[in-house]
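Everything on this sheet refers to the single structure shown next.
Note that ligands are numbered from 1 as they come in the structure, with each ligand's atoms numbered from 1 the same way.
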Amino acid sequence: MSKLLVANYKMNPRTAAEAVRLARACDAKNVVIAPPFPFIAAVGGVLKNAVLGAQDVFWDGSGAYTGEVSSIQLKALGVRYVIVGHSERRALGETDAMVNKKVGAALAAGLKVILCVGEPLAVRKRGFAAAKNFVKKQLIKDLRETTNYKLQTVRLSRAHRRGATNLLIAYEPLWAIGTGRAAKPADASAMAKFIKKLLTTHPSTPSSGPRGYSLPTVRVLYGGSVNAGNVGSFLVEPNIDGALVGGASLKPVEFKKMMRIASNS
Ligand code: PGA
């Protein structure tokens with residue numbers, strides 16, 4: 001399967017015209033472009049090969065939620081992928097319980113979800129086992145609704161089955177995001193392998209891990225200071241199915257280089 005590059009523009013650029021210019025320059029297959037909400041329609045209007053993404057979504061379909069945006073509204077704009085649980089949102093107060101509801105709602109609506117997980121520096125300093133444990137706990141909490149048969153309602157069950165193939169995980173260690181200090185590719189690969197195993201295994205006790213689904217198609221992306229100089233070393237790893245790119249996605253020349261490397265990976 002081809003490797004995926006996801007461009008997360010975060011709260012950039014300033015105008016729709018600039019966002020359109022950026023997106024046009026990087027409009028290629030196996031690229032997802034996630035502009036800020038106000039620019040989604042404009043960017044969606046010019047993409048021919050890349051796919052439209054969003055950086056967040058709310059869990060309810062409609063109602064009195066000032067400032068929120070629903071899966072239905074995103075789908076109506078042509079959005080196919082949504083990033084959920086980015087660490088920058090978690091830092092602003094988004095909890096695992098909220099992430100769990102967002103993942104469930106977005107999958108039920110038929111969106112592809114890029115669920116972000118990753119450990120902070122203090123945890124990583126305790127070693128790889130501690131980092132794995134942190135990520136495992138996040139996945140259990142963030143996928144509770146998606147993986148728990150008992151909580152599954154009849155209305156959601158078909159969507160959840162479909163959703164199983166629509167789930168991607170982005171492993172983004174917090175200490176690597178926006179710092180210029182990317183993880184070591186071998187470490188990121190080991191974590192990706194761990195995540196895949198966790199999500200395809202049926203643990204014997206309900207509390208020991210996400211259960212129920214076997215998710216053979218789950219893709220794992222790496223994110224955190226990915227650039228043209230290091231993207232190849234991540235994408236060459238068989239367990240890493242793509243990259244979630246922040247800062248470098250705002251530099252068209254660099255991102256194009258990354259696209260060339262990705263298409264040869
Ligand atoms: P970065 O951001 O590439 O600027 O480190 C990655 C992300 O936050 O998804």
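- Of all heavy-atom pairs spanning Arg89 and Asp56, the tightest one is NE-OD2, 3.0 Å.
- A salt bridge links Asp96 with Lys141: the closest approach of a Lys/Arg side-chain nitrogen to an acidic carboxylate oxygen falls below 4.0 angstrom.
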Return a table of N or O atom pairs, ligand 1 on one side and protein on the other, at distances under 3.5 Å, rounded to 0.1 Å.
{"residue": "ligand 1", "atom": "2 (O)", "partner": "Lys10", "partner atom": "NZ", "Å": "3.2"}
{"residue": "ligand 1", "atom": "3 (O)", "partner": "Gly246", "partner atom": "N", "Å": "2.9"}
{"residue": "ligand 1", "atom": "4 (O)", "partner": "Gly247", "partner atom": "N", "Å": "2.8"}
{"residue": "ligand 1", "atom": "5 (O)", "partner": "Gly178", "partner atom": "N", "Å": "2.6"}
{"residue": "ligand 1", "atom": "5 (O)", "partner": "Ser225", "partner atom": "N", "Å": "2.7"}
{"residue": "ligand 1", "atom": "8 (O)", "partner": "Lys10", "partner atom": "NZ", "Å": "2.7"}
{"residue": "ligand 1", "atom": "8 (O)", "partner": "His86", "partner atom": "NE2", "Å": "2.7"}
{"residue": "ligand 1", "atom": "9 (O)", "partner": "His86", "partner atom": "NE2", "Å": "3.2"}
{"residue": "ligand 1", "atom": "9 (O)", "partner": "Glu172", "partner atom": "OE1", "Å": "3.3"}
{"residue": "ligand 1", "atom": "9 (O)", "partner": "Glu172", "partner atom": "OE2", "Å": "2.7"}

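- The OG atom of Ser249 lies 8.5 Å from the NZ atom of Lys10; values are rounded to the nearest 0.5 Å.
- The aromatic rings of Phe234 and Tyr222 sit parallel, their planes meeting at an angle under 30°, below the 60° perpendicular limit.
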Verdict with reasoning, Met191 to Phe128, per side-chain contact (heavy atoms from CB on, under 4.5 Å): CA-CA 9 Å; Met191 186 64 89; Phe128 191 55; 4.0 Å; yes
Could you list the donor-acceptor pairs under 3.5 angstrom formed between side-chain atoms of residues 116-125 and any protein atom two or more places apart in sequence or on another chain?
{"residue": "Glu119", "atom": "OE1", "partner": "Tyr171", "partner atom": "OH", "Å": "2.9"}
{"residue": "Glu119", "atom": "OE2", "partner": "Arg124", "partner atom": "NH1", "Å": "3.2"}
{"residue": "Glu119", "atom": "OE2", "partner": "Tyr171", "partner atom": "OH", "Å": "3.0"}
{"residue": "Glu119", "atom": "OE2", "partner": "Trp175", "partner atom": "NE1", "Å": "3.1"}
{"residue": "Arg124", "atom": "NH1", "partner": "Tyr171", "partner atom": "OH", "Å": "3.2"}
{"residue": "Arg124", "atom": "NH2", "partner": "Asp187", "partner atom": "OD2", "Å": "3.2"}

